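The structure presented is a predicted model; accordingly, all values stated were derived computationally and were not measured. All values below were derived from every heavy atom in this structure, side-chain atoms included, with hydrogens, water molecules and symmetry-related copies excluded.
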Amino acid sequence: MRYIVDMNFLGNIIWLVCGGLFAALGYLVGGLVLCVTLVGIPFGLQCFKLAGLVLAPFGRTVVPSSNSMSFLAILCNCIWLICGGLYTALVHVVFALLLAITIIGIPFARQHLKLAELSLAPFGRQVI
């Protein structure tokens with residue numbers, strides 16, 4: 001068990017150095033901009049959730065929450081998808097494909113696929 005924790009820590013450090021910190025800052029700035037308006041606050045909070053996952057993706061999983069199938073979550077996911085979620089997910093998928101070319105990049109590609117899944121529909125999901 002100790003070995004897995006050490007590898008997750010090492011993976012997160014390498015992730016941060018190789019661009020994870022800049023991606024997290026992008027999500028944080030986007031979240032702050034969205035939180036300026038009253039309507040954008042729920043979407044800004046989802047950007048903060050994504051930023052937290054981008055800071056340390058190794059050893060964390062995305063699971064559906066108890067309200068994942070509520071009407072409001074589905075509506076907000078549709079709005080999110082139209083207003084930038086699809087683009088964000090496609091960027092993560094492209095980076096995953098580029099990283100999967102090398103054997104060393106496969107663990108990082110898996111993390112980008114995890115981020116793509118969350119960036120498609122962040123409402124009704126939680127990171128544990």
Side-chain angles (χ1 to χ4, degrees):
M1 186 65 168
R2 175 88 175 135
Y3 174 74
I4 294 172
V5 172
D6 291 341
M7 292 306 294
N8 287 338
F9 178 74
L10 181 63
N12 285 329
I13 295 298
I14 294 170
W15 176 270
L16 283 176
V17 170
C18 295
L21 185 62
F22 294 116
L25 288 174
Y27 280 118
L28 284 174
V29 169
L32 288 173
V33 169
L34 285 168
C35 284
V36 169
T37 65
L38 190 62
V39 175
I41 290 175
F43 300 98
L45 294 176
Q46 299 308 309
C47 282
F48 295 147
K49 183 191 324 183
L50 279 161
L53 183 60
V54 169
L55 277 176
F58 287 90
R60 299 172 79 186
T61 57
V62 178
V63 296
S65 64
S66 60
N67 63 349
S68 63
M69 294 305 293
S70 69
F71 174 75
L72 192 57
I74 293 171
L75 178 67
C76 288
N77 279 329
C78 290
I79 294 170
W80 174 274
L81 192 65
I82 292 168
C83 296
L86 185 61
Y87 170 76
T88 307
L90 285 176
V91 168
H92 284 298
V93 168
V94 167
F95 277 117
L97 291 174
L98 291 174
L99 285 167
I101 293 172
T102 65
I103 292 174
I104 295 172
I106 290 174
F108 300 101
R110 290 183 64 213
Q111 302 311 313
H112 271 292
L113 291 176
K114 183 190 319 181
L115 290 165
E117 176 191 355
L118 185 61
S119 64
L120 271 177
F123 290 91
R125 307 274 175 126
Q126 66 184 68
V127 179
I128 54 169

I'd like a table of donor-acceptor pairs (distance under 3.5 Å, sequence neighbours excluded) in which one partner is a side-chain atom from residues 77-86, with atom names and distances.
| residue | atom | partner | partner atom | Å |
| --- | --- | --- | --- | --- |
| Asn77 | OD1 | Phe123 | N | 2.9 |
| Asn77 | ND2 | Ala73 | O | 3.2 |
| Asn77 | ND2 | Phe123 | O | 3.0 |
| Trp80 | NE1 | Ser119 | O | 2.7 |

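- Here the CG atom belonging to Leu120 is positioned 8.0 Å from the CG atom belonging to Leu90, to the nearest 0.5 angstrom.
- Linking ILVMFWY residues whenever their side-chain heavy atoms come closer than 4.5 Å, directly or via other members, places Leu10 and Leu99 in the same cluster.
- Smallest separation of non-hydrogen atoms from Ala116 and Val93: CB-CG2, 3.9 Å.
- Listed by chain and number, the hydrophobic cluster partners of Val91 are Tyr87, Phe95, where partners are ILVMFWY side chains within reach of under 4.5 Å, directly or through others.
- Partners of Thr61 by side chain to side chain contact (heavy atoms under 4.5 Å, CB included), not counting sequence neighbours, listed by chain and number: Val63, Ile128.
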Identify every side-chain donor-acceptor pair in residues 45-58 under 3.5 Å, counting partners at least two apart or on other chains, and give the distances.
| residue | atom | partner | partner atom | Å |
| --- | --- | --- | --- | --- |
| Gln46 | OE1 | Lys49 | NZ | 2.9 |
| Lys49 | NZ | Pro122 | O | 2.8 |
| Lys49 | NZ | Arg125 | O | 2.5 |

For a quick test of your reading: what N or O donor-acceptor pairs under 3.5 Å do the side chains of residues 16-32 make, sequence neighbours left out?
| residue | atom | partner | partner atom | Å |
| --- | --- | --- | --- | --- |
| Tyr27 | OH | His92 | NE2 | 2.8 |

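- Scanning both residues, Ala109 and Ala100, for their nearest heavy atoms gives CB-N, 3.9 Å.
- Around CZ of Arg110, the count of heavy atoms belonging to other residues, nucleotides or ligands within 6.0 Å does not exceed 12.
- Taking Ser70 as the reference, nothing meets the side-chain hydrogen bond (donor to acceptor under 3.5 Å, both in side chains) condition, with sequence neighbours excluded.
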